[in-house]
Amino acid sequence: MKNKKKHARKLRRKLAKVQRRKQRKNKSYVPRKQKMSQLDKILKKSMFDVEHALSLYATSFFYLPAKLLYDKGRLKQYEDISKKCHIYIIGYLPKTKLLRGYQEKQDAVLEFEIGSVKHDFKLPLPNGCRLESDDVGPYVVNEQGQKFAISEEAINLFLQQHSKFEVKYVGQAYGKDGSRNAIDRLMKHETLQRFINWRAR
């Protein structure tokens, strides 16, 4: 009886070894203790893909045209934010042109051409105010003849809503223990220079 039990144990061990060999040969085999998460399974299928989606959440950010990088005076106002920025995105925005400004009842209307499409930006005028224009552009005049500029923040928000940002490059600048930020990197960025030169043609 004992011999039969020993023989049965030996057979089970041999079978287990054979099964383990087969599992090792099978590339899709994953040991029980290292089961793949759902995310790992998705990423494994896309291991050699070129295009991916990237989602970012930023506690602070700012955007600026490339030419502003070389204006130290203007950059100074972004210093507090730029010191904390280590990820940068280079891309294109469509060309924007203010065609004209006019008054429609009690609204100021600014007509923009974004890309090749025209968009009207309407802004309610305070009571007693009117819209006028000169060589610089449209402005608001009150009953006392005082002149006021139209809110740049409101205009920029409107332009953002109607402009599609085309991402061309995503990069990171960190240095040693965060000593380098995105502005430091972009000042001497060959890819950025190439995009600027190409766009200028």
Side-chain angles (χ1 to χ4, degrees), residues 53-171 173 181-189 191-201:
L54 177 66
S55 178
L56 295 175
Y57 174 78
T59 53
S60 62
F61 71 95
F62 74 104
Y63 63 93
L64 71 163
K67 62 183 179 182
L68 205 64
L69 281 170
Y70 310 103
D71 188 337
K72 291 182 180 179
R74 294 281 296 279
L75 272 181
K76 196 78 177 171
Q77 61 184 300
Y78 301 107
E79 196 172 30
D80 291 340
I81 302 173
S82 67
K83 282 180 180 177
K84 295 180 276 184
C85 289
H86 299 287
I87 293 173
Y88 57 90
I89 299 172
I90 300 171
Y92 295 146
L93 279 171
K95 285 185 178 179
T96 302
K97 185 180 179 183
L98 176 62
L99 300 175
R100 62 180 180 134
Y102 60 93
Q103 187 168 337
E104 192 178 80
K105 295 182 180 178
Q106 201 52 35
D107 289 332
V109 182
L110 303 182
E111 190 179 290
F112 286 97
E113 186 179 67
I114 303 171
S116 57
V117 182
K118 289 181 182 178
H119 296 275
D120 288 343
F121 174 45
K122 290 188 178 182
L123 204 61
L125 289 167
N127 289 333
C129 290
R130 66 185 185 277
L131 187 74
E132 291 188 6
S133 294
D134 58 18
D135 295 338
V136 178
Y139 56 89
V140 179
V141 182
N142 66 11
E143 290 173 319
Q144 288 76 42
Q146 292 176 301
K147 297 179 182 180
F148 300 92
I150 297 169
S151 168
E152 274 190 38
E153 287 183 10
I155 292 172
N156 286 336
L157 185 61
F158 171 79
L159 295 176
Q160 280 179 49
Q161 290 168 350
H162 293 86
S163 301
K164 186 181 177 183
F165 184 73
E166 186 184 348
V167 176
K168 289 291 181 183
Y169 188 92
V170 180
N181 60 50
I183 296 292
D184 297 333
R185 176 73 185 97
L186 288 167
M187 293 288 281
K188 298 174 182 177
H189 202 290
T191 306
L192 175 61
Q193 296 302 322
R194 195 165 67 246
F195 286 143
I196 291 169
N197 294 335
W198 181 85
R199 196 68 165 179
R201 287 175 191 172

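These numbers come from the heavy atoms of this one structure, side chains and all, not from hydrogens, waters or symmetry mates. What you see is a predicted model, and the numbers here were worked out from it, not measured in a lab.
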**Complete:** Separation between CD (Gln146) and SG (Cys129), nearest 0.5 Å, reads 9.5 Å
**Request:** Can you sort out the partners of Gln160 under side chain to side chain donor-acceptor pair (under 3.5 Å), two or more places apart, ordered by chain and number?
**Result:** Tyr63
**Message:** So, using ring pair (Phe, Tyr, Trp, His ring centres under 6.0 Å) as the criterion, who are the partners of His86 when residues are at least two apart?
**Reply:** Tyr174
**Item:** Sub-4.5 Å side-chain heavy-atom contact between Leu159 and Ile114
**Value:** yes
**Fill in**
Here the gap from Thr96 atom OG1 to Phe112 atom CZ, rounded to the nearest 0.5 Å, amounts to 8.0 Å
**Asked** Crowded around Gln77 CD? As in, over 12 foreign heavy atoms under 6.0 Å?
**Response** yes
**Asked** Excluding sequence neighbours, so at least two apart, what forms salt bridge (charged side-chain N to carboxylate O under 4.0 Å, His left out) with Glu111?
**Response** Arg100
**Request:** Mind listing the closest non-hydrogen atom pair of Ser151 and Ala154 along with its distance?
**Result:** OG-N, 3.2 Å
**Item:** Residues which pass side chain to side chain contact (heavy atoms under 4.5 Å, CB included) with Val167, listed by chain and number, not counting sequence neighbours
**Value:** Ile89, Phe165, Val170
**Prompt:** Just wondering, do Leu75 and Leu64 contact through their side chains at under 4.5 Å, heavy atoms?
**Reply:** yes
**Request:** Can you measure from CG (Leu125) to CD1 (Ile150) and round to the nearest 0.5 angstrom?
**Result:** 8.0 Å
**Prompt:** Counting only heavy atoms not in Gln161, do more than 12 sit closer than 6.0 Å to its CD atom?
**Reply:** yes
**Fill in**
Residues Gln106 and Gly128: closest non-hydrogen pair is NE2-N, 4.4 Å
**Complete:** residues 75-86 vs salt bridge (charged side-chain N to carboxylate O under 4.0 Å, His left out), sequence neighbours excluded, gives Lys76-Glu79
**Request:** State plainly whether the residues Lys164 and Glu166 are in salt-bridge range, i.e. N to O under 4.0 Å.
**Result:** no
**Prompt:** Closest heavy-atom contact between Phe148 and Tyr139?
**Reply:** O-CB, 3.5 Å
**Item:** Main-chain N/O of Val109 paired to Asp107 side chain as donor or acceptor, under 3.5 Å
**Value:** no
**Message:** I need the full list of salt bridge (charged side-chain N to carboxylate O under 4.0 Å, His left out) pairs touching residues 116-126, with sequence neighbours left out, sorted by first then second residue.
**Reply:** Glu104-Lys122
**Asked** Between His119 and Phe158, how do the two ring planes meet: parallel, tilted or perpendicular, split at 30° and 60°?
**Response** perpendicular
**Request:** List the atom of Leu110, the atom of Gly101, and the distance in Å for their closest heavy-atom pair.
**Result:** CD2-CA, 4.0 Å
**Message:** Could you tell me if the side chain of Pro138 sits less than 4.5 Å from the side chain of Leu98, heavy atoms only?
**Reply:** yes
**Prompt:** Taking side chain as C-beta onward, heavy atoms only, is Ile155 less than 4.5 Å from Leu123?
**Reply:** no
